[in-house]
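Shown next, in structure tokens, is the structure this report addresses.
Being a predicted model, the structure only gives us computed values, none of them experimental. The analysis underlying the following values was restricted to heavy atoms, covering all of them including side chains, and did not include hydrogens, waters or symmetry mates.
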Amino acid sequence: QVQLVESGGGLVQAGGSLRLSCAASGGTVSTTVMGWFRQAPEKDREFVAAISWSRGLTYYTDSVKGRFTIGRDNTKNTVYLQMNSLKPEDTAVYSCAAVKPGKAWAQDRSVASFDYWGQGTLVTVSS
């Protein structure tokens, strides 16, 4: 069973930056796809970014391209989300997610395609 713990959320002014971290344990997450999702108040959880394990291929939702960067350190079993030029509409609870090790991922950005979830960390961007 994989456990994921996020950190790094907080309050920031529009235009500022935050770096989220997700520490994984309990499984070989260095060989699986890791991702970030977010859920704003009264909205559905949505895909933000993902990174493959083999070639480090990255995927982003259009609204964060050019502003957010996902990265991973397999030696530390950690995935990061560097968020720059933050906007009030980025305010949400951000959750780390992982595909079950060994399971194929067809670049499916749905919530259902990820098997393990952290509890989330709140990011609030003030205007």
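Placement of Leu86 and Val48 within a single hydrophobic cluster is found when ILVMFWY residues are connected by side-chain heavy-atom separations under 4.5 Å, directly or transitively. Under the 4.5 Å side-chain contact rule for hydrophobic residues, Val12 and Val64 share a cluster. Linking ILVMFWY residues whenever their side-chain heavy atoms come closer than 4.5 Å, directly or via other members, places Val99 and Val111 in the same cluster. The cluster map of Ile, Leu, Val, Met, Phe, Trp and Tyr, joined by side-chain heavy atoms under 4.5 Å apart, puts Ile51 and Met83 in the same cluster.
Phe68 places none of its side-chain heavy atoms less than 4.5 Å from the side chain of Leu18. Side-chain contact between Thr69 and Tyr60 is present, with at least one heavy-atom pair separated by less than 4.5 Å. With a 4.5 Å cut-off on side-chain heavy atoms, Val123 and Leu20 count as touching.
The nearest pair of heavy atoms linking Pro101 to Tyr116 is CD-CE1, 4.0 Å. Minimum interatomic distance between Ala49 and Leu81 (heavy atoms only, all atoms of both residues): CB-CD1, 4.3 Å. Summarising the geometry of Arg45 relative to Ser95, their closest heavy-atom pair is NH2-OG, 4.2 Å, with the distance given to 0.1 Å. Contact record, Phe114 with Ala50: CZ-CB, 4.4 Å, taken as the closest heavy-atom pair. The two residues Met34 and Ala98 make their nearest non-hydrogen contact at SD-CB, 3.4 Å. Closest non-hydrogen pair, Pro41 versus Thr91, comes out as CD-O, 4.5 Å.
Ser52 places a side-chain N or O within donor-acceptor distance of the main-chain N or O of Leu57, the cut-off being under 3.5 Å.
Under the salt bridge (charged side-chain N to carboxylate O under 4.0 Å, His left out) criterion, Arg38 pairs with Glu46, Asp90, sequence neighbours left out. Not counting sequence neighbours, Lys87 has no partner by the salt bridge (charged side-chain N to carboxylate O under 4.0 Å, His left out) test. Evaluation of the salt bridge (charged side-chain N to carboxylate O under 4.0 Å, His left out) rule for Asp44 yields no partner, not counting sequence neighbours. Residues passing the salt bridge (charged side-chain N to carboxylate O under 4.0 Å, His left out) test with Lys103, sequence neighbours excluded: Asp115. Here Tyr59 pairs with Trp105 under the ring pair (Phe, Tyr, Trp, His ring centres under 6.0 Å) rule; sequence neighbours left out.
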I'd like to know whether Glu6 forms a side-chain contact (heavy atoms from CB on, under 4.5 Å) with Tyr94, so could you lay out the CA-CA distance, the side-chain angles of the two residues, the decisive distance to 0.1 Å, and finally the verdict.
CA-CA 8 Å; Glu6 304 94 338; Tyr94 285 71; over 6 Å; no

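Taking OG of Ser113 as the reference point, atom NZ of Lys100 lies at 14.5 Å (rounded to 0.5 Å). Note: Trp36 CH2 to Thr61 OG1 = 16.0 Å, rounded to the nearest 0.5 Å. Taken to the nearest 0.5 Å, the OG1 atom of Thr58 stands 11.5 Å off from the CZ atom of Arg72. Note that CZ of Phe47 and OG of Ser63 are 10.5 Å apart. Values are rounded to the nearest 0.5 Å.
Listed by first and then second residue, the side chain to side chain donor-acceptor pair (under 3.5 Å) pairs involving residues 117-127 amount to none (not counting sequence neighbours).
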